[in-house]
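This report refers to the structure that appears directly beneath it.
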Amino acid sequence: MSVDLSTNIAGVNLSSYLMNASGPKCTTWEELEVIGQSASSAIVTKSCTMAFREGNPEPRYSDLPLGSIQSMGLPNLGYKAYLEMVPQLKALGKAVVVSISGFSIEDNIEMVSAFQNSDVDLIEVNFSCPNIPGKAQVAYDFEQVETALAALTVLGDKPIGIKLAPYFDMSHFIAMAEILKKFPVKFITCVNSIGNTLIIDPETESPIIKPKGGFGGLCGDYIKPIGLANVRAFRELLPESVQIIGVGGIKNGVDAFEYLLAGADAVQIATCFEKEGAVCFERIENELKAFMAQKGYTKLIDAKGKLKPL
Ligand code: RRO
């Protein structure tokens with residue numbers, strides 16, 4: 001039985017359900033080219049800022065048995081470099097998603113405006129980087145989210161989405177959904193890493209990463225139940241016009257299928273891509289197809305959002 005994993009986000013056709021997440025191995029042209037040549041259905045860039053950033057001091061990434069912890073600190077080439085790269089990225093034949101992560105509304109207005117006038121397919125505004133010393137995550141400040149969306153959603157016709165932090169309380173899902181409904185936000189990507197977690201090495205008696213006293217974003221298997229709950233909660237609270245890209249702990253076809261049941265329209269892969277490399281996209285795609293075929297499903301819509309009540 002053949003299974004069709006093609007999907008569409010905000011009018012942009014994607015050949016499969018899986019793409020890379022803004023995060024690992026998507027900062028330089030060389031890294032983005034590798035994604036372009038893989039089975040990822042889109043090329044998502046590392047979040048960019050107004051200027052080039054080296055990022056936080058090393059060690060800033062560590063593998064963990066069930067995922068990773070990192071505090072990269074937004075290392076990126078600066079938005080103009082990605083803007084210039086857009087024609088070459090498009091030439092790789094896939095949807096191009098730019099992630100932007102300014103330090104102020106003014107930064108984000110300048111960057112969104114610039115990409116509105118480019119050939120990128122989708123703009124993902126990152127409201128949830130947890131790793132900049134002294135900077136709060138916008139996604140946890142509902143007033144700021146509302147002000148930012150009012151300014152960013154009037155800058156052009158290209159679809160805009162936002163990358164959200166994980167939420168842990170029903171009142172926060174409801175408050176955020178109410179804000180999103182006021183603006184033409186076409187998609188949300190949830191979740192970013194769980195910010196400000198601490199892993200301690202009892203032998204050295206130190207944290208295992210250096211920035212922020214060892215506090216960093218937790219990723220991978222640890223956060224899959226949180227990602228699933230965020231996708232599910234927002235799917236139930238938002239109208240169909242807001243699509244959902246799921247991310248958090250997807251490392252095999254069954255994980256991707258669980259996000260499909262929760263209601264995700266597409267999914268992104270971060271930690272597994274970091275650990276396994278670009279071959280993960282084809283492997284997970286094949287596993288998802290095989291699992292769906294076993295169940296008699298031939299397309300995403302057969303299972304999308306169809307989590308069964310117990
Ligand atoms: O670069 C980072 O430290 C980073 C970013 Br921008 C983000 O959005 N999420 C994350 O876990 N790390």
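Whatever order the structure lists them in is the order used to number ligands and atoms, beginning at 1.
- For Ser47, no nitrogen or oxygen atom sits less than 3.5 Å from a nitrogen or oxygen atom of ligand 1, counting backbone and side chain alike.
- Residue contacts with ligand 1, taken as heavy atom pairs separated by less than 4.0 Å, do not involve Ser101 at all.
- Residue Leu89 is not grouped with residue Leu14 when hydrophobic side chains (ILVMFWY) are merged at heavy-atom distances under 4.5 angstrom, including chains of intermediate members.
- Listed by atom number, the atoms of ligand 1 under 4.0 Å from Ser193 heavy atoms are 10 (C), 11 (O).
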**OP:** Give the C-alpha distance, both sets of side-chain angles, the deciding distance and a yes or no for salt bridge (Lys or Arg N to Asp or Glu O under 4.0 Å) between Asp121 and Lys90.
**Re:** CA-CA 9 Å; Asp121 295 282; Lys90 287 290 293 178; 2.8 Å; yes
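- Near Asn131, meaning under 4.0 Å from any of its heavy atoms, are these atoms of ligand 1: 2 (C), 3 (O), 4 (C), 10 (C), 11 (O), 12 (N).
- Below 3.5 Å of separation, one finds an N or O of Gly73 facing an N or O of ligand 1.
- Using a 4.0 Å cut-off between a side-chain N of Lys or Arg and a carboxylate O of Asp or Glu, Lys224 and Glu258 qualify as a salt bridge.
- Of the heavy atoms in Lys163, none comes closer than 4.0 Å to ligand 1.
- Of the protein's non-hydrogen atoms, Cys129 SG, 3.4 Å is the one closest to atom 5 (C) of ligand 1.
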Tabulate below the donor-acceptor pairs under 3.5 Å that side-chain atoms of residues 260-274 make, not counting sequence neighbours, or state none.
residue : atom : partner : partner atom : Å
Asp265  : OD1  : Lys304  : NZ           : 2.8
Asp265  : OD2  : Ile244  : N            : 2.8
Gln268  : NE2  : Glu124  : OE1          : 3.3

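- Within the 4.5 Å cutoff, the side chain of Tyr79 has heavy atoms near those of the Met50 side chain.
- Residue contact annotation: Arg60 has no non-hydrogen atom under 4.0 Å from ligand 1.
- Remark: Lys210 NZ is loosely packed, at most 12 non-hydrogen atoms of other residues, nucleotides or ligands lying under 6.0 Å away.
- With ligand atoms numbered from 1 in the order given, ligand 1 contributes 1 (O), 2 (C), 3 (O), 6 (Br) to contacts under 4.0 Å with heavy atoms of Leu74.
- Taking only nitrogen or oxygen atoms, main chain and side chain alike, Ser128 does not reach within less than 3.5 Å of ligand 1.
- The pair Lys182-Glu178 fails the salt-bridge criterion, with no side-chain N (NZ, NE, NH1 or NH2) lying under 4.0 Å from an Asp/Glu carboxylate O.
- The protein heavy-atom contact nearest to atom 9 (N) of ligand 1 is Asn192 OD1, 2.7 Å.
- The Met72 neighbourhood of ligand 1 comprises atoms 1 (O), 2 (C), 3 (O), with distances under 4.0 Å to a heavy atom of that residue.
- Looking only at atom types and distance, the side chain of Asn131 has a donor-acceptor partner in the side chain of Gln70 under 3.5 Å away.
- Of all atoms in ligand 1, listed by their number and element, those nearer than 4.0 Å to a heavy atom of Asn126 are 6 (Br), 7 (C), 8 (O).
- Note on Glu285 versus Lys289: salt bridge recorded, some NZ/NE/NH1/NH2 to OD/OE distance being below 4.0 Å.
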